[in-house]
Colleague: 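Below: one structure in structure tokens.
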There are 2 protein chains.
Amino acid sequence: MQSYTEENYLKIIYHLSEISNPVLTNAIAERIQTKAASVTDMIKKLSDKELVNYVKYQGVTLTEKGKTTAINIVRKHRLWEVFLVDKLNFKWDEVHDVAEELEHIQSNLLVERLDEFLDFPRVDPHGDPIPDKNGNFAELAFIKLSKLKPTDKGTITGVSEHSSTFLKHLEKLGLTLGKRIEIIEVLEFDGSVELLVESQKTNISREVAKHILITKN
Amino acid sequence: MQSYTEENYLKIIYHLSEISNPVLTNAIAERIQTKAASVTDMIKKLSDKELVNYVKYQGVTLTEKGKTTAINIVRKHRLWEVFLVDKLNFKWDEVHDVAEELEHIQSNLLVERLDEFLDFPRVDPHGDPIPDKNGNFAELAFIKLSKLKPTDKGTITGVSEHSSTFLKHLEKLGLTLGKRIEIIEVLEFDGSVELLVESQKTNISREVAKHILITKN
DNA sequence: TTCATTATTTAGACAAATCTAAAAATTTAT
DNA sequence: ATAAATTTTTAGATTTGTCTAAATAATGAA
Ligand SMILES: [Mn+2]
Ligand SMILES: [Mn+2]
Ligand SMILES: [Mn+2]
Ligand SMILES: [Mn+2]
């Protein structure tokens, strides 16, 4: 069994290793809001427990055991987010912090029953895939909205930025999951995108466009 | 804000003070599975935070602030137990340990939405009253089954012992919440009780009878 | 390749919550 | 009322997770 803190480290390492592998000490320190020295301490502990492979000055990678644990925490986090939105009427920008706490509740029965109660959702309120109880993810074909060309059509199926301010901004523009969009024009000088959302014309910055994920159809 | 540990101490002190006031160090130590020395340390800390009144060698009582906090934890514990039984099909003997963890999740929005989702339950799966958001309990008129006399009738509305073994035992005897019972005889020599549950004759020990709570009607 | 900058680790310290062993206060029994 | 037993507190140590400051390794520039 891992402590609350160990679980958080494993989860962060899991997410960071999708970006770069091995994961560097400073990258963890930044994400988890601690000092590099503390991260080194914890890495050693996780390494002793065989949850990560650690090479001094190189960084860490998750072992199979560590990866399984991390994926299970991600599973719980996302299932709880679905619960909060679908059953308790939370908005998609209100769920993350509470899910950060709920993801650490220890009970396999609870997770499996929750999954069933929610009707085995495959994605969370931000479009992130929910691994099944064996740790397998459904394959989802996302494209960044910023990669689309004029006349391209698609559906918003995810976001790659979860901050409350960003999500509220999208809400205001009507750019929520499930909405169909069509690209009108990509402005030359600033990369901003003019698009149609439910027959409504809107303009979004390149920065915003990069964090909206589209399934073409 | 209190730590997970501080919250547990406050909750235990709250429960123990229903039995004896002030609450003695050893009583807390026994309930919380720690040594008396550790309890003294924590009591001092809670006293510094003005959550308890502490007199050396006498024991502790909760301050208003401490009591409010404790009642809120009890509220969350019991609401989560209702959730687990009503929505996730947990049995009444499976909920306590998970609720011990869930009661510490910090989010007022979550508690209020959960309360609403559960349709503002007034009692938990063991018949214990759930305080409202202002900390007020509904008055419930319980009598111990062991206090009843032959021909007395009533409904099982609570239990005063929450161990899994006890609850499973009751389950096996069909003595669950909502069942109507009628006393046939109270045996002289061992105090065991012969009773009718849904037209089925059963005999229970005095020890069991003391922990079943009845509403006469 | 040598020097400067940046990243990482080590050393030593600290706060929280716990423990054991010993001391002090309280309660109970004689 | 005094001694014995029990309860509670103090003193000092331990574990977990964190920190700062200093040392060491790796990287980048001249
Ligand atoms: Mn989240
Ligand atoms: Mn999410
Ligand atoms: Mn309980
Ligand atoms: Mn209960």
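Here the structure is a predicted model, which is why all the values come from computation and not from measurement. Just the heavy atoms: all of them, side chains too, but no hydrogens, waters or symmetry mates, feed the values below. Below, chain A is the first sequence line, B the second, and so on; all start at residue 1.
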Colleague: Touch check for B:T40, heavy atoms < 4.0 angstrom, all strands: base, sugar-phosphate only, or nothing?
Modeller: base
Colleague: Taking only the side-chain heavy atoms of B:K35 (C-beta and beyond), determine which of C:dT20, C:dT10, C:dT8 contains the nearest atom.
Modeller: C:dT20
Colleague: Assign each of B:G59 and A:Q33 to its nearest nucleotide of DNA chain D by heavy atoms, then name whichever residue's nucleotide is nearer the 5' end.
Modeller: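 Closer to the 5' end of DNA chain D: B:G59.
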Colleague: Which nucleotide wins on minimum distance to the side chain of B:L24, given the candidates C:dT20, D:dT8, D:dT9?
Modeller: D:dT8
Colleague: Whole angstrom is fine here: how far is it from CG in B:D41 over to C1' in C:dT20?
Modeller: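 These atoms are roughly 12 Å apart.
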Colleague: Check for me whether the distance between the ring centres of A:H96 and A:H77 falls short of 6.0 Å.
Modeller: yes
Colleague: May I ask you to evaluate whether B:S38 reaches the phosphate of C:dC19, defined as a side-chain N or O under 4.0 Å from OP1 or OP2?
Modeller: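 Yes, within the criterion.
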Colleague: Whole angstrom is fine here: how far is it from CD1 in A:I32 over to C1' in D:dT16?
Modeller: 15 Å
Colleague: May I ask you to evaluate whether B:Y54 reaches the phosphate of D:dT8, defined as a side-chain N or O under 4.0 Å from OP1 or OP2?
Modeller: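 So the side chain of B:Y54 is outside the cut-off, no N or O lying under 4.0 Å from OP1 or OP2 of D:dT8.
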Colleague: Tell me the interatomic distance from A:Y4, atom OH, to D:dT15, atom P, rounded to whole angstroms.
Modeller: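 In whole Å, D:dT15 P lies 25 Å from A:Y4 OH.
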Colleague: Could you give the CD-to-C1' distance, from B:Q2 to C:dA16, as a whole number of Å?
Modeller: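 That distance rounds to 15 Å.
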Colleague: Counting C-beta onward and ignoring hydrogens, is there a side-chain heavy-atom pair between A:L195 and A:I204 closer than 4.5 Å?
Modeller: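 Heavy-atom side-chain distance check passes, below 4.5 Å.
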Colleague: Please determine whether a side-chain nitrogen or oxygen atom of A:N26 lies at a distance below 4.0 Å from atom OP1 or OP2 of C:dT8.
Modeller: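 Answer is yes, contact under 4.0 Å.
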Colleague: Can you check the B:Y9 OH to C:dT18 C1' distance for me, whole Å?
Modeller: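 Atom-to-atom, B:Y9 to C:dT18, this comes out as 8 Å.
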Colleague: Specify the separation, in whole Å, of atom CD of B:Q58 and atom C1' of C:dT26.
Modeller: 9 Å
Colleague: Quick one: A:I28 CD1 to C:dT9 C1', roughly how many Å, whole number?
Modeller: 14 Å
Colleague: Nearest to the side chain of A:A37 - C:dT8, D:dT10, C:dT10?
Modeller: C:dT10
Colleague: Are the aromatic rings of A:F83 and B:F83 close, with centres under 6.0 Å apart?
Modeller: yes
Colleague: Taking 4.0 Å as the cut-off, does a side-chain nitrogen or oxygen of B:S3 come that near to OP1 or OP2 on C:dA16?
Modeller: no
Colleague: Any carboxylate oxygen within less than 4.0 angstrom of a Lys/Arg side-chain nitrogen, looking at B:D132 and B:R122?
Modeller: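 No, this pair does not count.
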Colleague: In whole angstrom, what separates B:E7's CD from C:dA16's P?
Modeller: 16 Å
Colleague: Between D:dT18, C:dT9, D:dT8, which one does the side chain of A:K56 approach most closely?
Modeller: C:dT9
Colleague: Not counting sequence neighbours, list each pair that qualifies as a salt bridge (charged side-chain N to carboxylate O under 4.0 Å, His left out) and has a residue in residues 94-108 of chain A.
Modeller: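 Every pair satisfying salt bridge (charged side-chain N to carboxylate O under 4.0 Å, His left out) with a residue in residues 94-108 of chain A: A:K11-A:E100, A:K11-A:E103.
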